[in-house]
Visitor: 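Got a structure for you, written out below as structure tokens; questions coming shortly.
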Amino acid sequence: MADDGPSARVNFRSALRAAFRAALESLAADGGVAIAAHEMPGLLEQVRETADAKFGDYSGTMAMALAKRAGKKPRDVAVEIIRRLEAAPGYGTLFQPPGDPVGPGFINVRVQDSALAAAVGRAVADERLGVALVVKPRTVVVDFSSPNVAKPMHVGHIRSTVIGDAIARILRFRGHHVITDNHLGDWGTQFGMILWGWKHCRDDAAFAADPTAELGRLYRLVRKVADAKPEELAADPAAGALAAQHPAAGSEVLAETAKLHEGDPENRALWERFMPVCRGEIDRIYRRLHVTFDHTLGESFFQPLLAATVDDLVAKGLARESRGAIGIFLGGEDDPPLLIRKADGAFLYATTDLATIQWRLEHWKPDRMLYVVDHRQSQHFEQVFEAARRWGVDGVADVDLVHVAFGTVLGEDGKPFKTRAGDTVGLEALLDEGVDRAAAVVGTDDEGRAGMTAEDRRHVAETVGIGAIKYADLSQNRTTDYVFSFDKMLQLTGNTAAYMQYAVARVEGIFTKGAVDRGQLRRDCRGVLVSDPKERALALELLRFGEALEDVEADSRPNVLTAWLYDLAGCYSTFYDALPVLKAEGADRDSRLAVCDLTGRVLRRGLELLGIGTVEKM
RNA sequence: GCGCCCGUAGCUCAGGUGGAUAGAGCAUGGGAUUUCUAAUCCCAGGGUCGCUGGUUCGAGUCCAGCCGGGCGUACCA
């Protein structure tokens with residue numbers, strides 16, 4: 001496929017912003033209005049797509065904001081900008097002359113049809129579908145998923161895993177150097193629980209038969225015993241009896257954890273024995289989700305660094321002893337410190353997080369580190385980031401540390417998602433149910449799907465079911481809590497995975513039915529026709545792929561991409577409903593086939609960047 | 001008590017660091033079909049953007065104060 005480099009790829013919004021930059025700099029140089037260099041990015045962000053096509057394709061609103069300080073009328077400032085905009089390098093080849101300002105001072109711009117048609121033609125011939133690479137690639141660490149391996153993965157892990165994977169894929173496609181790391185919880189108190197359980201109430205036969213299940217049972221049992229909540233113990237006779245026998249179980253669990261941390265041979269050996277079991281369990285789920293990591297450096301990996309971390313923080317006067325523990329006092333004396341060593345000598349996750357930051361800075365030299373973690377830990381990350389900056393390890397002053405927070409998964413009753421019995425929902429059972437329900441929705445036999453084998457149907461159900469779970473999560477603003485509903489996510493209409501996947505399958509159907517050589521089509525495409533408004537709207541939307549990805553990156557919000565894909569699918573449906581493709585003739589047919597080809601590829605790539613698969617037929 | 005997040009249509013949700021008449025889907029009502037995969041498309045009704053003030057050419061968006069909900073708040077992660 002042709003790849004003529006960035007110059008062949010046009011991002012109309014970026015191009016227009018560059019023209020506005022030239023216009024505004026010229027205006028400032030002429031004394032029209034004072035603009036400080038640091039204000040320019042904010043002003044250029046006011047160049048964006050219009051809310052309504054009747055205003056053109058893009059608009060700039062900065063004239064109104066600048067008018068006051070210039071002591072002029074907004075429209076007069078807009079006229080000054082427009083005059084310079086038209087003279088900006090490259091403007092005229094891409095955009096029509098803006099004409100007069102509209103309303104209080106809107107500058108509305110429309111893309112030249114010729115430029116639009118040619119850009120679509122180049123995108124059709126481009127493996128990157130017309131999406132330019134970032135000018136300044138950054139090294140970005142994405143830290144996500146991070147389950148506690150001693151307990152089975154549950155619904156609470158889905159968001160971090162799915163959102164983190166999507167962000168990593170998108171940043172990588174944009175051209176950044178992305179390093180994904182699964183920071184496993186493999187060294188904390190939950191292992192103390194399993195160790196305690198192993199020593200007091202293990203079932204050897206059960207462990208031999210199904211190690212994962214037995215470790216899971218031990219975790220759930222000991223957690224109840226250690227927490228010693230009367231209502232939980234009353235509801236679970238086995239836990240209740242055990243708690244009665246071991247009133248000090250809670251502190252004994254902590255002691256087991258501390259022994260592990262201190263290098264106790266027995267606990268260490270048990271840990272070595274349990275880890276492969278735990279890893280096998282989570283790896284199976286990652287395979288099913290098609291999620292991979294560049295690194296899986298869990299808490300245990302950083303364990304050898306922790307003592308030195310605490311010593312260094314103490315030596316630098318940042319941390320000190322308090323009530324037997326060691327903490328970093330970031331606020332006043334009354335504010336709770338960030339504890340990095342407990343009174344019993346054990347380290348905490350703050351300790352590991354600080355050591356991890358230092359290690360990553362030294363070995364990976366990232367420009368940015370994204371932590372895709374539950375919003376409930378926002379305070380923890382604020383403290384850890386602040387502590388890391390004060391610690392002043394090499395590179396920390398130049399790295400962006402970002403907590404990419406997300407809300408809780410709720411059931412349809414609005415409460416945290418639990419089974420009827422009140423247990424957390426296992427992730428694997430959740431995926432199974434999604435696939436089963438998808439099979440019921442898509443698996444019925446009818447004419448359009450004749451010729452699909454049982455194997456095909458299973459594959460479609462798996463793709464649609466897993467896709468539905470992922471898409472439902474990704475399409476929602478990550479900061480809010482989200483209500484988990486199989487019925488909603490598996491709808492075939494609206495902004496769902498199934499609708500998007502169906503849109504892809506419809507495009508595939510055209511090429512299958514028409515026996516079109518798509519390779520030939522792409523090579524021969526010299527541009528497309530945009531004379532029909534529906535055709536033009538689709539063409540313009542296709543070329544906004546790069547803008548959508550840019551906006552995802554700005555705030556780590558994958559729902560920006562799902563929303564755009566849904567809009568694109570809507571533009572396509574409208575186009576396809578109104579205009580014949582295979583039945584068209586000559587240049588119309590070639591042009592529309594090219595647009596269909598590009599639409600299918602963009603939709604598929606967009607879903608792929610969300611970690612969602614597609615099928616040829618459904 | 002303090003801190004963070006949230007409150008938008010009957011329901012579930014979108015609404016870049018302020019922009020044009022607040023948008024989708026579901027549900028409700030109406031229309032399009034000798035189907036290029038109708039799992040689609042088009043149209044309609046439906047809103048005090050929690051409340052009250054403030055900032056300004058302009059506020060769902062920013063500020064202050066209330067009301068309501070969630071989460072966190074010293075040795076779990």
Side-chain angles (χ1 to χ4, degrees), chain A residues 41-42 45-46 48 50-52 54-55 59 61 64-65 67-68 73-74 102-106 108 146 148 185 188-190 192-193 223 226-227 253-254 257 299 322-327 334-344 346 348-350 352-353 373-380 382 405 407-408 410 412 414 416 441-442 447-449 475-477 479-483 485 487-488 491-496 498-499 501-503 505-510 512-514 550-551 554-555 557 559-560 562-563 566-567 570 573-574 576-584 596 617-618:
Chain A
E45 291 225 358
Q46 295 179 40
R48 52 184 69 137
T50 53
D52 190 319
K54 74 185 176 191
F55 297 125
S59 73
T61 58
M64 293 172 277
K68 185 161 193 175
K73 292 177 184 169
V102 177
F106 290 95
N108 293 336
S146 311
N148 282 323
T189 307
Q190 73 280 11
M193 291 181 183
R223 191 200 55 74
D227 284 359
V253 162
L254 295 180
T257 311
E299 293 176 325
S322 173
R323 301 182 205 171
I326 294 179
D334 298 334
D335 294 333
L338 179 67
L339 294 188
I340 54 175
R341 201 176 75 183
K342 304 201 289 191
D344 66 5
L348 293 112
Y349 77 140
T352 319
D353 284 349
V373 183
D374 198 318
H375 78 280
R376 285 174 293 196
Q377 293 186 40
S378 58
Q379 203 165 315
H380 166 74
E382 269 176 43
T408 310
L410 305 177
E412 294 190 68
V441 173
V442 305
E447 297 162 23
R449 266 62 75 184
S475 60
Q476 175 139 354
N477 182 326
T479 61
T480 54
D481 288 347
Y482 125 83
V483 176
S485 164
D487 289 336
K488 291 225 164 55
Q491 300 235 351
L492 301 165
T493 57
N495 193 8
T496 65
Y499 174 86
Q501 289 166 325
Y502 176 63
R506 285 174 85 194
V507 178
E508 290 299 332
I510 293 171
T512 306
K513 179 148 193 165
E550 193 178 329
D551 292 345
D555 293 306
R557 290 187 311 176
N559 70 307
V560 171
T562 62
Y566 182 59
D567 284 345
S573 287
T574 301
Y576 185 67
D577 194 62
L579 302 172
V581 178
L582 286 172
K583 289 176 180 170
C596 287
K617 277 195 289 189
M618 60 186 281

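Computed from heavy atoms alone, side chains included, the values below leave out hydrogens, waters and symmetry copies. Letters A, B, ... are given to chains in the order of the sequence lines, protein chains preceding strands, and every chain is numbered from 1.
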Visitor: Report the nucleotide, chosen from B:U40, B:G16, B:A39, that has the shortest atom-to-atom distance to any side-chain atom of A:L492.
Guide: B:A39
Visitor: Would you indicate what A:A505 reaches in the nucleic acid, counting non-hydrogen atoms under 4.0 angstrom: base, sugar-phosphate, or nothing?
Guide: base
Visitor: Which nucleotide wins on minimum distance to the side chain of A:Y566, given the candidates B:G25, B:A20, B:A77?
Guide: B:G25
Visitor: Look at all strands and tell whether A:A65 reaches a base, only sugar-phosphate, or nothing, counting heavy atoms closer than 4.0 Å.
Guide: base
Visitor: With a 4.0 Å limit, can you tell me whether A:T493 has a side-chain N or O closer than that to the phosphate oxygens OP1/OP2 of B:G25?
Guide: no
Visitor: Which whole-number value in Å describes the distance from A:L410 CG to B:C13 C1'?
Guide: 13 Å
Visitor: Any base atoms under 4.0 Å from A:A343, or only sugar-phosphate, or nothing? Heavy atoms, all strands.
Guide: base
Visitor: When the nearest nucleotide of RNA chain B is assigned to A:G185 and to A:D335 on a heavy-atom basis, which residue is associated with the more 5' position?
Guide: A:D335
Visitor: Is the glycosidic torsion of B:G7 within 90° of 0, making it syn, or is it anti?
Guide: anti
Visitor: Counting just side-chain N and O atoms, does A:N559 come under 4.0 Å of either OP1 or OP2 of B:G15?
Guide: yes
Visitor: Whole-Å distance between B:C13 C1' and A:Q491 CD?
Guide: 13 Å
Visitor: Using a cut-off of 4.0 Å on non-hydrogen atoms, how would the nucleic acid contact of A:D227 be classed: base, sugar-phosphate, or nothing?
Guide: nothing
Visitor: Any base atoms under 4.0 Å from A:S59, or only sugar-phosphate, or nothing? Heavy atoms, all strands.
Guide: base
Visitor: A:D481 has an atom CG; how far is it from atom P of B:C71, in whole Å?
Guide: 9 Å
Visitor: Given that both distances must come in under 3.5 Å, which nucleotide forms a Watson-Crick or G-U wobble pair with B:U37?
Guide: none
Visitor: May I ask you to say what A:L254 touches in the nucleic acid, namely base, sugar-phosphate or nothing, with a heavy-atom cut-off under 4.0 Å?
Guide: sugar-phosphate
